[in-house]
*Asks:* 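Supplied in structure tokens, the structure appears directly below.
Numbered from 1 within each chain, the chains take letters A, B, ... in sequence-line order.
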Amino acid sequence: MSLNSLSAFRDRDRAEKLIRRIKNRLTRSWMIMEMCGGQTHALLQSGIDQLLSPEITFIHGPGCPVCVTPQSTIDKAIRLANHQDVILTTYGDMLRVPGTDISLATARAAGADVRVVYAALDALTIARETPNKQVVFLGIGFETTAPANGISVIQSARLGITNYSMLSYQVRVPSALKMILDAEDNRVQAFLAAGHVCAVMGTAEYLPISQQYQVPISVTGFEPVDLLAGIDQVVSDLESGQWQVQNAYSRSVSASGNPAALAIIDEVFEPCAREWRGIGQIPDSGWKIKDQFSAFDAEKKFDLAVESEVFDSVCIAGQILLGQKLPLDCPAFARNCSPEHPLGAAMVSSEGTCAAYYRYRREYA
Amino acid sequence: MHDFSCPLPSADFNHSRIQAGHGSGGKMTADLIRNIFQKYLISDGLAQGNDAAVLPIPDSTGRIAVTTDSHIVAPLFFPGGDIGRLAVCGTVNDLLTSGAVPVALTAGFILEEGFRISELERILKSMQMSAVEANVQIVAGDTKVVEKGRGDGLFITTAGFGWIRDDFQPQGDLAKPGDAVLVTGTVGDHGMAVLCARGELGFQSDIQSDTAPLNAIVEKLRQTAPSTHVLRDPTRGGLGTTLNEIAVQSAVSIEIDEQLVLVSPQVRSLCDLLGFDPLYVANEGKMIVILPEADAEAALSAIRSCKYGENAAIIGRVTSAARPGVLLKTALGTTRILDSLHGEMLPRIC
């Protein structure tokens with residue numbers, strides 16, 4: 001893909017053509033969930049949600065890795081960071097996520113060695129350059145980050161590095177999707193699956209879900225034209241009473257995914273249940289590091305028992321992540337909860353639904 | 001599945017220590033200044049809330065504009081500039097925003113033990129060349145050396161002053177409904193050039209910083225649009241944050257059209273890759289000009305005739321509003337809020 005090619009997917013004429021086509025198909029109203037926070041931001045940033053309102057209601061899904069990382073994982077990272085022999089590395093977005101008492105940003109300001117890196121391999125480089133310190137990478141994310149996080153473990157094993165490990169919190173989309181569909185009060189009638197996730201995993205995992213629940217799913221990219229193409233596909237299916245998995249992002253996604261990335265995931269990780277912040281435990285919704293790589297698993301390498309206290313809060317991020325409520329329904333939204341003073345992680349991350357509403361739709365609060 | 005509560009942290013709100021986001025130029029910086037600095041430092045000059053303070057000269061009708069600026073940048077040398085050029089241009093441009101004719105600068109250098117003299121020479125040479133270009137003199141300096149590990153190579157703090165010569169005196173609180181909003185060129189170049197030059201992202205690009213003194217552009221404005229209301233350079237926090245500052249100061253709404261804001265293709269592509277919005281990326285050679293609509297076209301042609309102003313464009317207008325803020329018309333014709341930058345801008349995770 002050439003660097004300048006994205007402009008075509010922002011083209012106003014193409015977008016308007018698609019909007020007209022979607023509107024022509026519509027005979028009634030539908031509720032569509034976009035799974036990923038990146039899609040949520042793109043919808044609100046471009047105003048597609050306004051253009052297709054009121055016929056189409058977008059329900060914003062739980063696909064923000066920062067938002068669903070549990071408080072206990074943050075607490076463990078802070079505990080590690082406070083150890084004088086540890087350099088704690090992570091993505092920049094993770095720094096402001098509230099733990100039980102403080103965030104990693106606060107821990108850093110108080111003297112902990114917390115460093116922002118762009119990728120796990122950067123953390124591994126720090127480990128090689130700083131042999132007298134234990135370097136821990138807080139590696140979170142959906143299927144998109146798993147290959148890059150996993151390769152750091154494989155590399156460490158190959159190179160015999162003893163001062164690198166990962167505090168891993170990897171989650172997967174399909175189980176969350178099923179949980180949403182299984183909920184008694186589910187209102188979602190179609191899904192826009194996240195292109196970045198499917199670029200790694202392919203589309204096969206979504207076929208049985210679409211069949212079992214009779215729900216149309218379309219894989220989309222993150223530009224206005226990408227999103228509209230996916231919306232057009234699911235609306236077409238919804239209006240004709242059909243369901244299938246379609247790919248509106250074929251320039252990046254193939255049905256079988258990325259074999260090299262999948263091989264890394266398969267080598268390093270195995271499926272497990274995961275706790276999702278604000279939602280709870282979801283079976284088979286994540287990956288953990290395999291036993292053969294225990295030496296690089298911070299959970300096993302260090303004593304990380306923490307007591308994470310869940311406070312009573314006005315924050316309704318859990319319901320928002322499940323598409324049951326909108327940020328505008330939250331009494332704290334844009335009042336005592338803002339990106340500077342987030343009460344919940346959905347306001348922290350650049351991909352969080354609350355942050356998106358705060359940035360683009362605050363006037364309606 | 002247990003209850004849907006998102007855990008509320010209690011102790012993290014008060015920001016009892018400085019965090020990196022306090023230096024972003026966005027809301028955290030503004031809060032720090034308002035809640036901490038302005039609690040203790042009180043003066044007529046600070047109360048003006050502009051990039052340079054305009055002060056009376058005793059026994060004279062003339063007035064003087066004064067500003068100060070600290071410069072930390074990694075790396076010290078980047079495509080299109082270096083910390084020395086940045087220090088001179090940043091200070092000169094801050095003076096220009098008050099309508100002053102910049103006259104002289106001072107510079108304080110905090111050097112880290114072990115810093116190469118050859119690099120210092122390169123930086124000083126660049127400062128002198130930039131000063132000549134901006135028609136200012138560097139008239140006083142100071143040098144301190146800190147132990148190795150207690151500085152980041154070199155920090156430069158500048159002060160600058162200039163004369164207010166006439167009635168051309170833009171201020172942040174003078175934007176009026178009906179005014180046109182103009183930007184003197186593409187946005188986001190400096191921030192992305194520096195980010196690439198750090199080499200941490202593994203990208204190489206030919207993006208050049210726009211660091212430049214804007215005397216010529218402001219001089220043209222003085223001639224063609226003497227009743228210009230606001231001049232402000234959109235540095236840290238970018239165009240979006242600076243427009244919000246002006247909107248609040250002037251108690252107006254500012255509406256801009258996304259498609260009229262120029263972003264170079266290289267900056268746009270890199271921002272797309274990283275999940276950045278170029279409207280929040282720093283500039284060091286651009287000016288936001290808010291002026292009566294009637295003067296806008298003449299001012300635009302005049303600015304376009306200047307070096308550093310070739311890509312100037314009118315991007316929107318000022319309207320009255322119950323709630324001050326910035327609205328952005330998207331490419332699809334919808335309207336949304338364009339907020340200030342919150343914290344630091346970070347690459348997306350997935």
*Asks:* Quick one: list whatever passes side chain to side chain contact (heavy atoms under 4.5 Å, CB included) with Pro327(A), sequence neighbours left out.
*Replies:*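 Checked Pro327(A) against side chain to side chain contact (heavy atoms under 4.5 Å, CB included); matches are Ile320(A), Phe333(A), Thr353(A), Cys354(A), Tyr357(A).
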
*Asks:* How long is the straight-line distance from CZ of Arg336(B) back to CZ of Arg359(A), given to the nearest 0.5 Å?
*Replies:*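 Rounded to the nearest 0.5 Å, the CZ-CZ separation comes out at 7.0 Å.
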
*Asks:* Minimum heavy-atom separation for Ser46(A) to Thr330(B), with atom names?
*Replies:*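 Looking at all heavy atoms of both residues, the closest pair is O-OG1, 3.2 Å.
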
*Asks:* Answer with side chain, backbone, both or neither: which region of Glu143(A) has an atom nearer than 4.5 Å to a non-hydrogen atom of chain B?
*Replies:*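 For Glu143(A), no heavy atom lies under 4.5 Å from chain B.
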
*Asks:* Report the distance from atom CG of Leu332(B) to atom CD of Glu16(A), rounding to the nearest 0.5 Å.
*Replies:*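 So the CG of Leu332(B) and the CD of Glu16(A) are separated by 7.0 Å.
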
*Asks:* List the atom of Ala109(A), the atom of Gln19(B), and the distance in Å for their closest heavy-atom pair.
*Replies:*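 Scanning both residues, the minimum pair turns out to be CB-CG, 4.2 Å.
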
*Asks:* Given that the side chain runs from C-beta out, which part of Gln259(B) has a heavy atom under 4.5 Å from chain A: side chain, backbone, both or neither?
*Replies:*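 Interface part for Gln259(B): side chain.
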
*Asks:* Report the C-alpha separation of Gln45(A) and Asp277(B) in whole Å, then their side-chain angles, then the decisive distance to 0.1 Å, and conclude whether the side chain to side chain contact (heavy atoms under 4.5 Å, CB included) test is met.
*Replies:* CA-CA 11 Å; Gln45(A) 188 176 34; Asp277(B) 186 339; 3.7 Å; yes

*Asks:* Please report the closest heavy-atom contact between Arg12(A) and Gly333(B), naming both atoms and the distance.
*Replies:*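 For Arg12(A) versus Gly333(B), the nearest heavy atoms are NH2-CA, 4.0 Å.
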
*Asks:* Would you say Ile72(B) has more than 12 foreign heavy atoms packed within less than 6.0 Å of its CD1?
*Replies:*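 No, not enclosed.
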
*Asks:* Name the region of Ala119(A), side chain, backbone, both or neither, that has any atom closer than 4.5 Å to a heavy atom of chain B.
*Replies:*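 The answer is neither part of Ala119(A).
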
*Asks:* In chain order, what residues pass the side chain to side chain contact (heavy atoms under 4.5 Å, CB included) check against Pro177(B), with sequence neighbours excluded?
*Replies:*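 Testing Pro177(B) for side chain to side chain contact (heavy atoms under 4.5 Å, CB included), a comparison that skips the adjacent residues, returns Val252(B), Ser320(B).
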
